[in-house]
2 protein chains.
Amino acid sequence: MPRKRSTSVTLSDVAERAGVSVATASKALNARAEVAAETRTRVLRAADELAFQPNALARGLISGSSGTIGLITDELGGRFAIPILLGVENALGDEQMSVLLCDARGDAIRRRHYIRTLVSRRVDGLIILGDRNDMRPSLTREIPVPVVYVYAESDDPADLSVLADDEGGARLAVEHLVGTGRRRIAHITGEEGYRAARDRATGCQTVLREHGLPLVGGAPLYGEWTQSWGRRAAGMVLRTSPDVDAFFCGSDQIATGVAETVRELGRRVPEDVAIVGYDNWEVFAAQCRPPLTTVDLNLQSLGATAVRHLFAALNAAPTGGAVRHPGRLVIRESTVAAPSSRHPAAGAEPGPR
Amino acid sequence: MPRKRSTSVTLSDVAERAGVSVATASKALNARAEVAAETRTRVLRAADELAFQPNALARGLISGSSGTIGLITDELGGRFAIPILLGVENALGDEQMSVLLCDARGDAIRRRHYIRTLVSRRVDGLIILGDRNDMRPSLTREIPVPVVYVYAESDDPADLSVLADDEGGARLAVEHLVGTGRRRIAHITGEEGYRAARDRATGCQTVLREHGLPLVGGAPLYGEWTQSWGRRAAGMVLRTSPDVDAFFCGSDQIATGVAETVRELGRRVPEDVAIVGYDNWEVFAAQCRPPLTTVDLNLQSLGATAVRHLFAALNAAPTGGAVRHPGRLVIRESTVAAPSSRHPAAGAEPGPR
DNA sequence: CTGAAAGCGCTTACAG
DNA sequence: CTGAAAGCGCTTACAG
């Protein structure tokens, strides 16, 4: 419990210094029309000299709105929460809103506790940020303010959920592969338990079917979201289907592992085998040998979209349903040879700086 | 601007339903002593039935304290902010405090704006979270509440800064290498402009000097914080100093690159060459071939420490100075051969699941 | 043990 | 154009 705060400058301090009433001071500072220009200047100067900062708590009490949004995350540590969070925070800043951050760590008790706290703090709305694109139980019933689910879908169709468009992202990737002449494409991805993995596989298979192409190996290779799974799976595919000419991978980590094995088994990327990752996680995608073509989920803009929907719900009747936010393809050298590659031999490392 | 909120349940609703005054209701809910047990039960039941949540804004107005802490980050996207943030958020939760999160994106204008906003919201204290351990200008003068700097040091010695102990971390790493018999140690690290890089180099060189050992190559190899720099630098060292028997790296990313090159040039890790990373960034450290021994900065507990110091400052006269938070060594197979390594040949990949 | 009253810092009709 | 008054939802001396 903090010690009693040193009293800060208050509106009546400003009013006194400007020689007006607090009512007039308030109007002057809030740029209401009915204040004489000269009076306003005086008040503004006084406020400035005293470094007056209006008490947002008092304002909130009156307006019934705190100017804050609660953001409850499942797992901040994951690699999806942060970009989304950044998009949310940025979009809220434009609206003079602040974000109260709570990390529930995937614990239902904690989540409940945080919801109570945030309601008590009179947040104007709530964003529930999931750690995977999957379905999850609605929490809206216990929350008296508008709620938007992000990177997780509420199981109540009356709730609004903003999701990454995994099927669409996979389409972009595989269409790119087909468009650059690949015909023997395999799909190595993460755990089948993730809807994201299944949706990407669906998008991949749909495109192949549209082009009358087979999926090498006959089925997606589900496994783990790790480089080591990428290495192993690539080894299996290269052994059983040596004519494979492209890998579409469920993540950049997997793609990095795939690239290592392809390289070690003596195939050239992209000349012999193309590789596409997913996530555009720079530390992997840009540092892979060669750098990875990959799908960027546009997570920041997904976060901003969520905020836009939340504001719509604050101002009007909320709408439900799932919004799929599109990704984009980032093309690097793992699918298309660099314009001026001096040494076609693998292993050429770019120079410093 | 949100629409006028649907009026929420208020203390007088509770009081009315319980048949008491708001004053009594307040006392009952706050567990003050001077309330009859029977009255309290009645009030609590009424509050429960109405799902009453006290208005934190009103409470804050009275107490002069909002029960929130402002957290201003430089770059949430970096890999250090999140673990620290988690530690901070968790420690604050234990104290019933919420965190208002603002990402300044390294922009001084934004930072100023956020400081004003947070002061206006009457945060009880502020945490300034840097994106590198370096020195930076103090902001304390413009902030009327206690401030703690984390993962960045204020240039005003009267301010309190909590930093990662990079020199100590490097000592742990190099002492481990020396202790396991390495004598020809090289140091490959990131940009010299980072104090973290320089401090780690200092720690490394100090330990070597204490043991009368040379630094292979004569000086630390400063470069970039990337795998590709690790690959290049390792190639250089192996060419010019083929008797090198260990690499201490400034990051796990660099170490990953080093491991790749060492492997490709036919040396075994750890038999011929040991590698130590820095950061314990799991997606790199655990997925490296072989998994990396590395220094964990204990960032979560660093965040908790910062909160502890902030609370001390809230309750008493603040103290200044820089606190160095210790890291710890995480030992994996890049320095010590696994107990039962069946195939000493490189490339053995662990099984699935 | 209970309740009426004052007040936290501000805004907003409403008189003047 | 300005200011006195009421009120946002709560807590806290202070009477009773």
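Residue numbers begin at 1 in each chain, while the letters A, B, ... track the order of the sequences.
- Between A:Asn30 and C:dT11, a side-chain N or O to OP1/OP2 separation shorter than 4.0 Å is present.
- Across all strands, B:Ala36 comes closer than 4.0 Å only to sugar-phosphate atoms, never to a base (heavy-atom distances).
- Under a 3.5 Å cut-off, the side chain of B:Asn298 and the backbone N or O of B:Pro326 do form a donor-acceptor pair.
- A salt bridge links A:Arg132 and A:Asp134; the closest N-O separation between the charged side-chain nitrogens and carboxylate oxygens is under 4.0 Å.
- Side chain to side chain, A:Arg121 and B:Ser98 meet the donor-acceptor criterion of an N or O pair below 3.5 Å.
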For DNA chain C, produce a single dot-bracket line, 5' to 3'. Pairs: Watson-Crick or G-U wobble, both distances under 3.5 Å. Symbols: ( ) within strand, [ ] crossing, | other strand, . unpaired. |||.||||||||.|||
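- If you measure from atom CG of B:Leu57 to atom P of D:dT11, you get 13 Å, rounded to the nearest angstrom.
- Taken residue by residue, residues 37-53 of chain A places heavy atoms nearer than 4.0 Å to DNA chain D at A:Thr39.
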Please determine whether side-chain contact (heavy atoms from CB on, under 4.5 Å) holds for the pair A:Val88 and A:Val150, giving the CA-CA distance in whole Å, both sets of side-chain angles, and the decisive distance to 0.1 Å. CA-CA 10 Å; A:Val88 166; A:Val150 184; 5.8 Å; no
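- Contact between the side-chain N/O atoms of B:Ser26 and the OP1/OP2 oxygens of D:dC10 is not found at any separation under 4.0 Å.
- The minimum heavy-atom distance linking A:Val119 with A:Pro144 is given by the pair CG2-CD, 3.6 Å.
- Salt-bridge check for B:Asp74 with B:Arg111: passed, with a basic side-chain N closer than 4.0 Å to an acidic carboxylate O.
- Residue B:Leu61 is the one, among B:Leu61 and B:Ala23, whose nearest nucleotide of DNA chain D lies closer to the 5' end (criterion: closest heavy atom).
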Trace of the side-chain hydrogen bond (donor to acceptor under 3.5 Å, both in side chains) decision for A:Asp155 with A:Ser138: CA-CA 6 Å; A:Asp155 65 0; A:Ser138 174; 4.9 Å; no
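- Remark: the backbone N or O of A:Ser301 is paired with a side-chain donor or acceptor of A:Thr305 at under 3.5 angstrom.
- Residue A:Leu11 contributes atom CG, which lies 13 Å from atom P of C:dC8 at whole-angstrom precision.
- Distances were taken from every side-chain heavy atom of B:Thr10 (C-beta onward) to each of D:dC14, C:dC10, D:dC10; the shortest belongs to D:dC10.
- Look at B:Ser63 and you won't find any side-chain N or O under 4.0 angstrom from OP1 or OP2 of C:dC8.
- If you measure from atom CD1 of A:Ile62 to atom C1' of C:dG7, you get 14 Å, rounded to the nearest angstrom.
- Note on A:Thr24: a base of the nucleic acid sits closer than 4.0 angstrom, heavy atoms only.
- Rounded to a whole Å, the CG atom of B:Asn55 is 13 Å from the C1' atom of D:dT11.
- The side chain of B:Arg59 contributes an N or O atom lying less than 4.0 Å from OP1 or OP2 of D:dT11.
- Closest to the side chain of B:Lys27, out of C:dG9, C:dG7, C:dT2, is C:dT2.
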Under 3.5 Å, sequence neighbours excluded: what are the donor-acceptor pairs made by side chains of residues 43-53 of chain A?
from    : atom 1 : to      : atom 2 : distance (Å)
A:Glu49 : OE1    : A:Arg17 : NH1    : 2.3

